[in-house]
Every structure is written in C-alpha cells, then in structure tokens.
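Computed from a predicted model, the values in this text were never measured in an experiment. Numbering of ligands and ligand atoms starts at 1, following listing order.
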Amino acid sequence: MSFEEILSFVKKRNAHELEFIQAVEEVLLSVAPVLDRHAEYRNLKIFERITEPERLIYFRVNWMDDQGQVQVNRGYRVQMSSAIGPYKGGLRFHPSVTASVLKFLAFEQIFKNALTGLPMGGGKGGSDFDPKGKSDNEVMRFCQAFMSELARHIDDRTDVPAGDIGVGGREIGFLFGAYKKIKNEFSGVLTGKGIGWGGSLIRTEATGYGLIYFAENMMQTKKESLKGKTCLVSGSGNVAQYAIEKIMHFGGKVVTASDSSGFIYDEAGFTPEKLVFLIDLKDVRRGRIKEYADKYKCSFFAVNPKDDFNPLWAVPADCAFPCATQNEVNAKDAEHLVKNKVKLLGEGANMPTSPEAINILIDNGVMYAPGKASNAGGVATSGLEMTQNYMGQNWTREEVDKKLIGIMKTIHDTSLAAAKEYGKPGNYMVGANIAGFLKVAGAMQAQGLI
Ligand code: NDP
C-alpha cells in the first residue's frame, strides 16, 4: 500500500476517533521514509498491524456513591502491542476518556516505551469516572469495582498498568489492594506503588524530572542551559509539579501553572516553598489553582477551553512546558510563542501540541521535544520499578535518578541520530518516531505473523 492508502485504511477503520487518527498520522508521516527503505515492513503490513490493538477490553463498572445511589461508568484497557515486552501504560480517570483517547495514548506508548530501551510493550486504560469532588471512600469503591474486572486481564508478566491523569498514589493504592485481594498474590502488577510496598524511589518525580533532563540535553546542543531562563508550565498535577522543581534546580524561573479552571502568572517565579504549597493544594486538599494566586498575590486568569487561544502561552518566556493534557497548544498559541522568541517547547503531557502548532514551531526554529521522547522518564522509571520487583530489591534514590538521567540522555541522542540518518537533522519528532518504530518493527518481523 502507498502512504496515502495506509492512511485512508486507518482512517476508514477508525472513523470518528479523531485523537487516534491525529497520533497515527503524525507517526506515519515521520516513518514514511523507513517504509520506503524497508520493503519488508511494507510487505508484512507492519504499520497496518501496529495501528490495530492486539486487544481492546471494554467493561461496565458499577459502584455505589456516598448517598447510596448506584453509579455506572465505563472501563477500558487497550492492549496495543506486546512486541517488545508486557503491555505497559497508565490508567486515566477523567470524564473526557473515550476509546479514541485511550487508543491514541496506547499507540504513542508503543514508541515511547521502545525509546526507553527497556522491555515494555504499549498499553493504556482508564475510565470516564471523575475523581474530582468524590470522597476517598467513593474513590476506593470505584477502584475496587474497576479492578474486579481488570484483574482478569493483567498480571506482572502480561500487562502492568500505572497512573495517569486522575490516577495518582491514592488510586494506585486502592487498585493494588483490590488486585491483591482478588488474586491472592503480592506482585509488581502495577507501578507507581508507595515506598515500602513495592514502589520505586523517584517514580513520582520521574516524568517531570525526565522532561527537564531532556530539555537540558537539548539546550546543551546549542551550548545553552536552562539556567536563568524564564519558563512557562501548564498543569499543576504530577508532571507539572516535578518539572517545576527540576527547572528551579537547574536555575530557571517558572512563572505559570494551571488547572482546568485557569492559570496563575507569578512574575516573581516559583520558590521551593511555593511549590510545597501547590503540591498540598492539588494533591492533599484537592483545591483550585486560584488559591495560589490569592496566597502569593499574583494574577489568576480564568481560561475557557472553547476560546481560540490560551493566554498562558502568550506570557513572555524562553521555554514552554505543556504538562496538562492533549491539544492544549494550538496554532494561535504557537504563534504567540514564536512572537515571544521562545527557544524550546518540551512536552510533559501526551500530544499537548496540535499538528499545526508543531509545524509553526519547527518552521520558526523553536526546538520541539515530542512527549513520546521527553516525557518517557515516567514509564522508564516504571520499568525500573518492575525490575526491582522482579529482583526483590529496592534501589536508592541516587541509583534510580542516575539511571533516569542516563535513559533521558540516550533517548535524546537516539532521536537526534535517527533524525539525522533520515535527512531531518534536529527534528526530534521525526527522530523519536523513527527510532521507536524501527525497534518495534524489527521485533514484529522476528516474531512472525501473530
Ligand atoms: P494529573 O491528574 O496529576 O494532573 C493533570 C493536570 O492537568 C491537572 O492540573 C489538571 O487540572 C490539568 N488538566 C487535566 N485535564 C485538563 C483539561 N482538559 N484542561 C485543562 N487542564 C486539564 O496528571 P499528570 O500530571 O499525571 O498527567 C498530565 C499529562 O502528562 C497527561 O497528558 C498525561 O498523559 C501525561 N503523562 C503523565 C505521566 C505520569 O507519569 N503521570 C507520564 C507521561 C505522560 P485539574 O486539577 O483541574 O483537573
């Protein structure tokens, strides 16, 4: 099939799954030269196969709220590819979750996991359940109901889920407890576990830290560093929090953070004390970000997702790190970033930048790091958690951090090398897609038509 035929094949089979098609189109555009060079991958229909989940599990989740009312949600697990290891990828609990969103995330996860160099396949799952505003008991009952079905499809050698939006330490605890009770086994079936019951040091921090290690590697290719740079961060959850910490560690200044209600602009910049307040606000008290602006006397801007641009990305800065959700940087936002001479955009979230916005950034010389490379530190450290669980060992904070730094450098260098080899020097998006694809395609070829 030609490139156009492959794309229309995928579009036809997944009509209405817009996020999934967006993710597939980006990868296909990048790997087209690989398919030209490797006729065997075309003949084996590697791309057509890799865009079809190996298994998509879709289930009902019944649970009871604090008022004694029965609630019904949808649960999913997309087991996308096991070519290079057990399915691996997070669980997302958010009202926007659909099969399309989870398929796009599971598809991206294949290449991201391949880039880490660890033996992990691609998967993703979740529910349209919204933990926001629910009591701890309601979240526990939901997690138990969700796991009562998921448990039959996962184990530590088959499929190892982790957290994502709406699934943090609290949810992983309840999910792990439910799995242990159902299966009567204590294993590394989930990652992101607590320290003391199978978790790895640095896993909580890993996605945000890894993003900033990656960005620092990019800056160094231009003989620059994050030191003294003003940075925009969106989101205020797990990824955003530890990206903020690491930017401060490298001497940068973070002036924004956001949640789904809007963003704060703190011209003086975050400090360690302000970050402690933010983490407590979002993770413990589960409040809204405006409280930060009230406490530190800075500006809060309400944002309506329906507006045609997000003013957060119009704040003057040197670097931008979208760490909230998909498609949060559109073409207009990218124009603002270019106008303000932003040097680098590093994706902490998955697919936060629209295809038009990516083109605008790259065409204007902004260094662009795709999430599947720059946010891979989270899943890489999940892989390290799996290894520690298999070995029955716990590594120190320093050991895990050192491995994370090494993995992010390898992903950076591998992506750059692949981009250069395929005639797109400096294009991290093309490089990451190609390097990830080559590894998985080679494994699929070796394992035959299964
Ligand atoms: P969290 O749930 O911890 O935080 C998500 C943040 O994004 C919150 O501030 C939330 O605001 C905001 N947000 C979520 N949805 C929207 C929306 N539709 N519009 C505006 N803001 C929104 O999630 P994570 O930090 O774990 O994940 C953030 C991103 O990073 C996701 O794209 C995820 O897939 C990706 N990622 C996460 C990894 C991890 O290890 N956690 C690994 C790799 C990628 P509010 O508080 O109002 O809900």
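- Set against the non-hydrogen atoms of Arg92, the atoms of ligand 1 under 4.0 Å away are 31 (C), 32 (O), 33 (C), 34 (O).
- Between Gln241 and ligand 1 there is no heavy-atom distance shorter than 4.0 Å.
- Distance from atom 6 (C) of ligand 1 to its nearest protein heavy atom, with residue and atom name: Gly237 N, 4.0 Å.
- Using a 4.0 Å cut-off to heavy atoms of His94, the atoms of ligand 1 that qualify are 15 (N).
- Between Tyr296 and Phe277, the distance separating the two ring centers is shorter than 6.0 angstrom.
- For atom 3 (O) of ligand 1, the closest non-hydrogen atom of the protein is Asn238 N, 2.9 Å.
- Of the protein's heavy atoms, Asp164 OD1, 2.6 Å lies nearest to atom 34 (O) of ligand 1.
- Geometrically, Lys103 engages Phe20 in a cation-pi contact, judged by NZ or CZ lying under 6.0 Å from the ring centre and within 45° of the ring axis.
- A side-chain donor from one of Glu19 and Ser100 sits under 3.5 Å from a side-chain acceptor of the other.
- Using a 4.0 Å heavy-atom cutoff, Glu328 is absent from the residues neighbouring ligand 1.
- Counting all heavy atoms, side chain and backbone alike, Val101 lies closest to Ser96 at CG2-O, 3.8 Å.
- The shortest separation from a heavy atom of Arg286 to ligand 1 is not under 4.0 Å, leaving the residue out of contact.
- In terms of protein heavy-atom proximity, atom 38 (C) of ligand 1 is nearest to Thr207 OG1, 3.7 Å.
- Not one N or O of Leu105 is nearer than 3.5 Å to an N or O of ligand 1, by distance alone.
- A donor-acceptor pair is defined here as one N or O able to donate and one able to accept, closer than 3.5 Å; such a pair exists between the side chain of Ser236 and the backbone of Ser258.
- No donor-acceptor distance shorter than 3.5 angstrom exists from the side chain of Ser82 to the backbone of Gly85, with no hydrogens or angles considered.
- Near Ser260, meaning under 4.0 Å from one of its heavy atoms, ligand 1 places the atoms 11 (O), 20 (C), 21 (N), 45 (P), 47 (O), 48 (O).
- In this structure, Arg203 counts as a contact residue of ligand 1, since one of its heavy atoms falls inside 4.0 Å of the ligand.
- Ranking the protein heavy atoms by distance from atom 32 (O) of ligand 1 puts Asn350 N, 3.1 Å first.
- Using a 4.0 Å cut-off between charged side-chain N and carboxylate O, Lys124 and Glu108 make no salt bridge.
- Listed by atom number, the atoms of ligand 1 under 4.0 Å from Ser258 heavy atoms are 9 (O).
- By the criterion of a heavy-atom distance under 4.0 Å, both the backbone and the side chain of Asn375 are placed next to ligand 1.
- Residue Ala257 places every heavy atom at 4.0 Å or more from ligand 1.
- Here the two rings, on Phe142 and Phe93, have centers that are under 6.0 Å apart.
- A salt bridge is absent between Lys372 and Glu347; no separation between the charged side-chain nitrogens and carboxylate oxygens falls under 4.0 Å.
- Residue Val239 places at least one N or O, backbone or side chain, under 3.5 Å from an N or O of ligand 1.
- Listed for the Asp259 side chain is a donor-acceptor partner under 3.5 Å among the backbone atoms of Ser261.
- With Lys297 contributing its side chain and Asp294 its backbone, the two residues share a donor-acceptor pair below 3.5 Å.
- Annotation: cation-pi pair Lys282/Tyr292 absent, no NZ/CZ under 6.0 Å from the ring centroid and within 45° of its normal.
- An N or O contact shorter than 3.5 Å is missing between Lys124 and ligand 1 by distance.
- Checked against a 6.0 Å centroid threshold, the rings of Tyr209 and His249 do not count as neighbours.
- For the residue pair Glu273 / Thr271, no side-chain donor-acceptor distance below 3.5 Å is found, with atom types taken as modelled.
- Residue-to-ligand polar distances place Arg288 within reach of ligand 1: an N/O pair is separated by less than 3.5 Å.
- Counting only non-hydrogen atoms, the option in Lys282, Glu347, Met351 that gets closest to atom 46 (O) of ligand 1 is Lys282.
- The six-membered or imidazole ring of Phe176 lies near that of Trp197, with a centre-to-centre distance under 6.0 Å.
- The shortest N or O to N or O distance between Ser261 and ligand 1 is not below 3.5 Å.
- Neither the backbone nor the side chain of Ser96 comes within 4.0 Å of ligand 1, counting heavy atoms alone.
- Centroid-to-centroid, the aromatic rings of Phe146 and Trp63 stay 6.0 Å apart or farther.
- Proximity of Gly163 to ligand 1 is not established, as no heavy-atom distance is less than 4.0 Å.
- Taking a cut-off of under 4.0 Å to the non-hydrogen atoms of Gly166, the atoms of ligand 1 that pass are 2 (O).
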Point to revise | side chain to side chain contact (heavy atoms under 4.5 Å, CB included) between Ile110 and Ile50, worked out | key: CA-CA 9 Å; Ile110 303 175; Ile50 213 172; 4.0 Å; yes
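- Using a non-hydrogen distance threshold of 4.0 Å, Cys323 registers as a contact of ligand 1.
- Assignment of Ser236 to the shell around ligand 1 is supported, since a heavy atom sits closer than 4.0 Å.
- For atom 28 (C) of ligand 1, the choice among Ala324, Gly287, Ala349 with the nearest heavy atom turns out to be Ala324.
- The heavy atom nearest to atom 23 (O) of ligand 1, considering only Asn327, Ile165, Thr325, Leu278, is found in Ile165.
- Look at Ala240 and you'll find every heavy atom at least 4.0 Å from all atoms of ligand 1.
- At least one heavy atom of Lys132 sits closer than 4.0 Å to an atom of ligand 1.
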